[in-house]
2 protein chains.
Amino acid sequence: MTFPDLFERFSMTILPLGTSDATHLRFQAVARYASARAGDAPFTGNGSDQIAFVASGSTKLVAHASGGREQVVAFHFAGDLVSVPARAAHAYTLCALEDCELIYFPAEEFYKLARFEAGMVDEVLERVMKALARCREKTITLGRKNAQERLANFLLTMDERIGADNDGGRLLDLPMSRRDVADSLGLTIETVSRQFGELRDAGLLETMGRSKVMLLDLQGLAARAGHLFEPA
Amino acid sequence: MTFPDLFERFSMTILPLGTSDATHLRFQAVARYASARAGDAPFTGNGSDQIAFVASGSTKLVAHASGGREQVVAFHFAGDLVSVPARAAHAYTLCALEDCELIYFPAEEFYKLARFEAGMVDEVLERVMKALARCREKTITLGRKNAQERLANFLLTMDERIGADNDGGRLLDLPMSRRDVADSLGLTIETVSRQFGELRDAGLLETMGRSKVMLLDLQGLAARAGHLFEPA
DNA sequence: CGTCACCTTGACGAGTCTCAAGTTGTGTGG
DNA sequence: CCACACAACTTGAGACTCGTCAAGGTGACG
């Protein structure tokens, strides 16, 4: 896709209706374009924070710790806005899961422009709050849940985002590998694989090939996700 | 402290300079007041999201999972703004560590008012971004670090927020119990206690009483925090 | 000064990681 | 279209960290 097409997609999704042409042009002036093949890391938050818009494809935000350890902080799909932090105690990398196209901005300039447009900051704030909510949920998962609860949780979350009805169940076509899932859940690929096996044996899901998962029993999965039903 | 005093503190900290009297009054009209003794849970995000301003004291935001498991999502000190989510897959409770006084608002109304005041949304956005950054760092800690790294990390983070120079080291007066630390780090109190012991034996810190910790070697702690030094 | 909750320390076991081998799926080139 | 090659995934056995259970110590408060 051409840059104008991609930028158009950004405008449609993020800029409020009725945004002036002048504002469009200002955003366009500071926008950068990046296309990435699956596995590529188009850019890190080198030096300063970046804001990336995922125009197509899907990405993961990876944090790097010592000893080559990696933690997937979040996954993103087409239409998502991601804030990629500059390097701090840990380094962050935005990484393509599938081939994808990105529009990105230095965060500071992005916010400066956003401030001028009524409704724009609201949109951004709402998305950041959503990201915070997801991150908090992940915190519970990583801090207090066992392997099976983590995977059940993950599958239900993915269902909300990319699940599709199919033959009485919900079909997921996961763009990420078992390693990505493991790095997201704070587990090893072996443990993830074993838990897929257990959930399959329990009749809660079927796996077809490497990326397709059919969720057969959402309630059963929710029951194994360690969610709170009765507040204490 | 009286409500006007507390609200004044909120205004000074959060409302931008030059905010109109009308806006002040509008915020004051929807503001609720809560004082809480140490250990109290003044309110949960019952029904709808809440925004709380910690006027004095300190708090923890706790997420509840099944089986009575608790995860401390974040700690807050005087001057902090906290978003307390409504109940979803997990229930959240804001809980006082020390006696404290809070000003709080239904989130929706808060944002609606904030929108009217230039600079206000910026302030809120900046704080939410900071919260997101902290939550992401926590994600790495919980997903990929061992007990010692988690505690070292925690102590360094607390030092940034409430540490004070003292006799060549840094003195922390922690308002939270070992249980709170454990619930924040995804560990048990016993493991936290053991790791305090190891760091003490290694000469990196001293503990005085239950709440005071003297950090003797910040570099040594950072070395044990699993931070990334050389990007891969 | 006594009481109680909080914290520390120890022994043991469960859950997950590590290491290793085998299997399956996907994409490529004949 | 099939066969090959490689990476991704699965499965198994043993090790290790951290959780559990239990007992004892300590500091803060009345």
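Numbers restart at 1 for each chain; the letters A, B, ... are given by sequence-line order, proteins then strands. Because the structure is a prediction, the values reported are computed rather than measured.
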* Structure fact -> Here the distance between atom P of D:dG12 and atom CZ of A:R194, to the nearest Å, is 9 Å
* Can you check whether B:S83 reaches A:M129 side chain to side chain, under 4.5 Å on heavy atoms? -> yes
* Asked: How is B:G186 classified with respect to the nucleic acid when contacts are heavy atoms under 4.0 Å: base, sugar-phosphate, or nothing?
  -> sugar-phosphate
* Taking N and O atoms by type only, does the side chain of B:R210 place a donor or acceptor under 3.5 Å from a partner on the base of C:dC7? -> no
* Asked: Base, sugar-phosphate alone, or nothing: which one does B:S177 contact when heavy atoms must sit under 4.0 Å apart?
  -> sugar-phosphate
* What is the distance from CD1 of B:I189 to P of C:dA5, rounded to the nearest Å? -> 14 Å
* Indicate, yes or no, whether a donor-acceptor pair under 3.5 Å links the base of D:dC9 to the side chain of A:E190. => no
* Are the side chain of B:R9 and the backbone of B:A55 linked by a donor-acceptor contact shorter than 3.5 Å? -> yes
* Asked: Are the side chain of B:S11 and the backbone N or O of B:F7 linked by a donor-acceptor pair below 3.5 Å?
  -> yes
* Are A:T191 and C:dC17 close enough that a side-chain N or O sits under 4.0 Å from OP1 or OP2? -> yes
* Asked: In whole Å, what is the span from the CD atom of A:E206 to the P atom of C:dT24?
  -> 17 Å
* Could you tell me the separation between the NZ atom of B:K145 and the C1' atom of D:dC18, rounded to a whole number of Å? => 18 Å
* First of A:R144 and A:F196 reached from the 5' end of DNA chain D, by closest nucleotide -> A:F196
* Asked: Starting at CG of B:L187 and ending at C1' of C:dT8, how long is that distance when rounded to a whole Å?
  -> 16 Å
* Asked: Mind checking whether B:Y104 and B:F43 have ring centres under 6.0 Å apart?
  -> yes
* Could you tell me if the ring centre of B:F10 sits under 6.0 Å from that of B:F3? => no
* To do: Can you tell me the distance, in whole Å, between the CZ atom of B:R178 and the P atom of D:dC18?
  => 18 Å
* To do: Under 4.0 Å between any heavy atoms, over every strand shown, what does B:T188 touch: base, sugar-phosphate, or nothing? Just pick one.
  => base
* Structure fact -> When rounded to whole Å, the CD to P distance for the pair A:E198 and D:dG12 reads 12 Å
* Asked: Could you give the CZ-to-P distance, from A:R179 to D:dT10, as a whole number of Å?
  -> 13 Å
